[in-house]
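To start, the structure under review is shown below, and the notes come after it.
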Amino acid sequence: MTEPNKRANPDLSGYQPAAGGIAARARASAAPAYLSGLNPEQREAVETLDGPVLVLAGAGTGKTRVLTTRIAHILSTGRARPAEILSVTFTNKAAREMKLRLGQMLGQAVEGMPWLGTFHSIGGRILRYHAELVQLTSNFTVLDTDDQIRLLKQLLAADNIDDKRWPARMLAGLIDGWKNRGLTPSQVPAGEAASFGNGRGGKLYAAYQERLKVLNAADFGDLLLENIRLFREHPDVLRQYQSRFKFILVDEYQDTNVAQYLWLRLLSQAPSSSSSSLPGLTRQSIISQEDGSPGRDASRRPGDDDRTSGDVAAPSSPPKNICCVGDDDQSIYGWRGAEVDNILRFDHDFPGAKVIRLERNYRSTGHILAAASHLIAHNEGRLGKTLRTEDVDGEMVTVTGAWDSEEEARGIGEEIEQLQRQGHKLNEIAILVRASFQMREFEDRFVTLGLPYRVIGGPRFYERAEIRDALAYLRVINSPADDLAFERIVNVPKRGLGDATVQLLHDHARKRRIPLFEASRLVVETDELKPKARSSLRGLIENFERWQVQRNALSHTELAEIVLDESGYTEMWQKDRSADAAGRLENLKELVRSMEEFENLQGFLEHISLVMDRDGAADEDAVSVMTLHSAKGLEFETVFLPGWEEGLFPHQRALDDQGRAGLEEERRLAHVGITRARRRAKLYFATNRRIHGTWNTTIPSRFLDELPQANVEITESKGGSGWGGMSGYGPSRFDNVESFGSSYSTPGWQRAQAQRKNGGGRSGGGGFSESGASYSSSPRRAPFTIEGELVAKSTGTDSDFTVSDRVFHQKFGYGQVTKIDGNKLTIAFDKAGEKKVVDSFVQRV
DNA sequence: TACATGCGGGTTTTT
DNA sequence: CCCGCATGTA
């Protein structure tokens with residue numbers, strides 16, 4: 001123990017089992033097994049079933065356990081049946097985890113929890129039941145970001161808006177933001193609506209929503225926003241759900257946004273028979289000018305009465321049994337519309353709420369916990385918890401300075417190998433980065449070391465081009481009005497239906513207000529298209545018509561196989577010679593395989609975009625590499641945290657956009673990172689890092705200064721010659737590095753070279769990949785091959801060139817040798833500039 | 001219509 | 001440095 005045992009919540013210390021009520025009844029017949037092993041706070045959180053409860057659960061305090069046990073408790077005391085419990089999580093991972101644990105606790109009864117899922121999947125499900133009430137049909141498509149952008153691009157083009165000046169991405173961001181805040185087009189404040197496209201932002205939002213209805217589609221935000229609209233405009237529907245859900249549980253409450261909050265508010269009301277309209281849901285007042293103001297927290301303070309204006313529980317309708325679990329110190333999704341205030345103001349929103357703090361940490365050692373606690377204490381505006389552990393102090397948190405990101409990766413690689421030699425499981429090791437571009441360096445390093453690793457997060461399975469193409473075919477079959485899907489595959493594989501054809505179809509479709517697929521049918525009957533295009537399009541339509549019929553006769557997996565085959569899509573990749581073609585075919589197989597889990601095509605398509613995140617086979621022992629954000633909720637024995645530098649972590653953009661609030665969110669992210677570790681937390685910073693291709697000198701993160709000395713050890717980089725080490729890391733120390741011009745003469749590069757010579761045996765190591773790329777302009781693959789060659793040769797004898805030799809290179813022409821390292825030359829080419837090449841690629845002249 | 005080449009611009013986190 | 005986009009060419 002390094003932290004004093006402060007009782008931040010005195011009223012808990014006098015906890016006594018409540019007399020009477022469910023708790024007592026449950027305990028009466030010797031407390032059920034599932035309650036044993038809970039500490040008093042956890043137990044109270046589980047047993048306080050009536051009225052609103054907020055559980056403030058710090059990192060590693062058994063949050064999931066409380067949630068699942070609470071459900072078990074509700075069920076076993078007979079307070080509700082499985083279908084009467086609404087249990088929402090933020091991520092699919094969390095939902096899966098809960099189902100798993102519930103299953104373990106209850107036997108196999110998990111199937112009977114139909115309302116356990118993410119906000120989005122549950123919102124989507126409700127929406128499908130009542131699709132007609134929001135101008136959709138139940139087979140509507142869920143658009144992902146990509147579809148969204150393409151659609152917006154079309155709208156911008158139709159409006160003659162310059163998408164250079166007003167990018168579709170930006171509009172998508174705005175619309176998302178509005179939807180996160182629960183704003184329909186008419187509710188967007190005029191000022192904000194005018195901020196895009198010379199005042200046309202609001203109009204575009206409205207047009208976009210209209211277009212979605214025509215396409216029978218909804219985007220992510222709609223799954224909640226349209227749900228709210230549904231509840232508002234159809235109180236009878238709302239009432240139905242209000243009375244169905246006897247208990248509501250919410251995980252990660254600190255991550256909920258306004259829309260999610262409103263949705264929960266609506267559902268958590270006791271059903272009232274009279275209220276025909278629910279006033280005051282707009283919450284216009286929270287729409288403060290987030291831009292420019294130092295932070296959103298400045299615009300809303302606890303005590304403002306904006307959010308509860310109309311829909312506060314009327315005296316006659318006490319709030320439901322809602323239990324929210326969260327940790328304000330782990331709120332890291334503010335950029336996505338999450339409102340920390342939701343958790344900060346819980347007792348205000350749900351009067352009479354019981355607040356329970358879980359502060360006993362069962363995960364980390366004393367040093368780790370102390371470091372994390374001390375760091376997060378620098379934040380203002382927290383509810384305040386003091387985590388404590390009964391574990392040993394353990395190893396100190398280490399801070400290691402590396403010269404550059406390459407050395408950082410090398411150092412971490414060596415530490416991992418060392419741990420591995422000591423018998424530690426790679427599965428228990430993680431590297432958590434701030435931004436995904438950091439991952440590549442580690443991947444490169446691990447590949448050369450032959451160290452098994454897995455990247456978590458990455459591009460989602462269903463975001464891969466081949467998966468999206470395949471899905472597009474299925475979408476058109478399922479919902480012929482899905483123009484986006486149709487457009488995507490109309491010429492994939494190439495079948496001679498290019499821009500001109502698509503344009504023609506668009507014209508027809510717009511004139512007659514029909515989907516592209518419909519328009520195609522008509523156009524094929526005319527002679528507007530050239531014979532070749534015409535017969536090609538006819539073939540495609542006939543295919544789809546046939547598939548639509550076959551759908552009823554075949555299983556959906558068979559159908560998918562037939563579609564992929566007959567459309568020529570599989571063949572397209574089989575013919576493809578590029579490196580990743582095989583992987584893509586494999587992915588397509590995986591897609592068909594994954595379809596088996598679903599009842600039918602419709603069910604599959606409903607879920608694919610929401611729950612199809614691949615968590616790769618975890619059976620292999622491998623190091624995990626992921627972002628800090630995706631690490632939330634996970635834990636590892638050893639955690640490496642590279643990149644603790646100003647500008648990267650805290651990220652410059654967070655600082656620029658959100659000011660102090662942004663900084664605090666970054667600090668919470670740091671807190672999340674450290675608390676992922678059970679036994680070892682190892683922080684790194686590099687003095688030089690490459691950003692957009694050029695090297696920059698960086699300053700160690702201020703977060704490092706905020707760590708408590710007593711629990712932190714400054715170590716030397718294992719990767720090299722005692723660079724960063726020493727206790728005095730700080731801005732001044734590295735300020736006077738010699739300036740550098742091209743990337744090849746940077747200190748980092750030079751050092752890497754020195755390293756390589758000293759390092760002896762180890763084969764080359766990264767750092768030459770870019771020279772490889774210089775040899776060949778052919779895409780992909782080539783650089784790798786050449787890199788291999790470089791590495792192989794680099795251990796050889798020194799080159800017989802000398803500095804200032806004039807040389808000739810096939811591709812770059814004439815130049816002069818400026819530097820030599822083994823058989824690798826740095827050459828200043830007369831035309832092509834400075835490049836690194838292997839000596840065998842040039843000849844003396 | 002399909003492909004190649006050159007240009008400018010943007011780069012955090014994700015349901 | 002990598003991407004998408006626009007332009008030009010077979």
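So you know, we letter chains A, B, ... as the sequences are listed, proteins then strands, and number each from 1.
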What is the distance, rounded to the nearest whole Å, between atom [atom1] of [X] and atom [atom2] of [N]?
| X | N | atom1 | atom2 | result |
| --- | --- | --- | --- | --- |
| Arg150(A) | dG4(C) | CZ | C1' | 14 Å |
| Leu648(A) | dT11(B) | CG | P | 16 Å |
| Trp166(A) | dG10(B) | CH2 | P | 13 Å |
| Leu223(A) | dT14(B) | CG | C1' | 14 Å |
| Lys93(A) | dT14(B) | NZ | P | 10 Å |
| Asn257(A) | dT14(B) | CG | P | 16 Å |
| Leu669(A) | dT12(B) | CG | C1' | 9 Å |
| Leu143(A) | dT14(B) | CG | P | 21 Å |

Of all the choices, [options], which nucleotide is nearest to the side chain of [X] once you look at every atom?
| X | options | result |
| --- | --- | --- |
| Arg434(A) | dC5(C), dT1(B), dT12(B) | dT12(B) |
| Ala500(A) | dC2(C), dT1(B), dT14(B) | dT1(B) |
| Arg440(A) | dC2(C), dT14(B), dT13(B) | dC2(C) |

Quick one: side chain to side chain donor-acceptor pair (under 3.5 Å) partners of [X], sequence neighbours excluded?
| X | value |
| --- | --- |
| Glu226(A) | Lys213(A), Arg229(A) |
| Glu635(A) | Arg363(A), Arg678(A) |
| Ser436(A) | none |

Distances under 3.5 Å between nitrogen or oxygen atoms of protein and nucleotides 2-8 of chain B:
residue: dA2(B); atom: OP2; partner: Asn491(A); partner atom: ND2; Å: 3.4

Worksheet item: Please, which pairs that meet ring-ring contact (aromatic ring centres under 6.0 Å, His included) have at least one residue in residues 149-170 of chain A, sequence neighbours excluded?
Response: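 Sorted pair list: Trp166(A)-Phe196(A).
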Discussion item. If the test is side chain to side chain donor-acceptor pair (under 3.5 Å), which one of Glu666(A), Glu645(A), His651(A) qualifies with Arg434(A)?
Written reply: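 Answer to the side chain to side chain donor-acceptor pair (under 3.5 Å) test with Arg434(A) among Glu666(A), Glu645(A), His651(A): Glu666(A).
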Is [X] touching bases, backbone alone, or none of the nucleic acid, heavy atoms closer than 4.0 Å?
| X | value |
| --- | --- |
| Phe90(A) | sugar-phosphate |
| Phe119(A) | nothing |
| Lys632(A) | nothing |
| Thr501(A) | sugar-phosphate |

Worksheet item: Stacking between His651(A) and the base of dT12(B) (centre distance under 5.5 Å, interplanar angle under 30°)?
Response: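 A stacking contact exists, since His651(A) sits close and nearly parallel to the base ring of dT12(B).
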Item to complete: Using the aromatic ring of Trp335(A) (for Trp, its six-membered ring), decide whether it stacks on the base of dT13(B) within the limits of 5.5 Å and 30°.
Response: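 One would call Trp335(A) stacked on the dT13(B) base.
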Fill in: Which residues share a ring-ring contact (aromatic ring centres under 6.0 Å, His included) with Phe703(A), sequence neighbours left out
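Expected list: Phe649(A).
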So, is [X] near the phosphate of [N], with a side-chain N or O under 4.0 Å from OP1 or OP2?
| X | N | result |
| --- | --- | --- |
| Thr627(A) | dT14(B) | yes |
| Lys532(A) | dT1(B) | no |
| Ser630(A) | dT13(B) | no |

Item to complete: Answer yes or no: is there a donor N or O on one side and an acceptor on the other, between the side chain of Glu408(A) and the main chain of Pro642(A), under 3.5 Å?
Response: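 Not confirmed, Glu408(A) side chain does not pair with Pro642(A) backbone.
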Fill in: Centroid-centroid under 6.0 Å between Trp263(A) and Tyr261(A) rings
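No, the ring centres sit 6.0 Å or more apart.
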Discussion item. Both Ile332(A) and Pro167(A) contact DNA chain B. Taking the nearest nucleotide for each, which residue is further toward the 5' end?
Written reply: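 Closest to the 5' end, via its nearest nucleotide, is Pro167(A).
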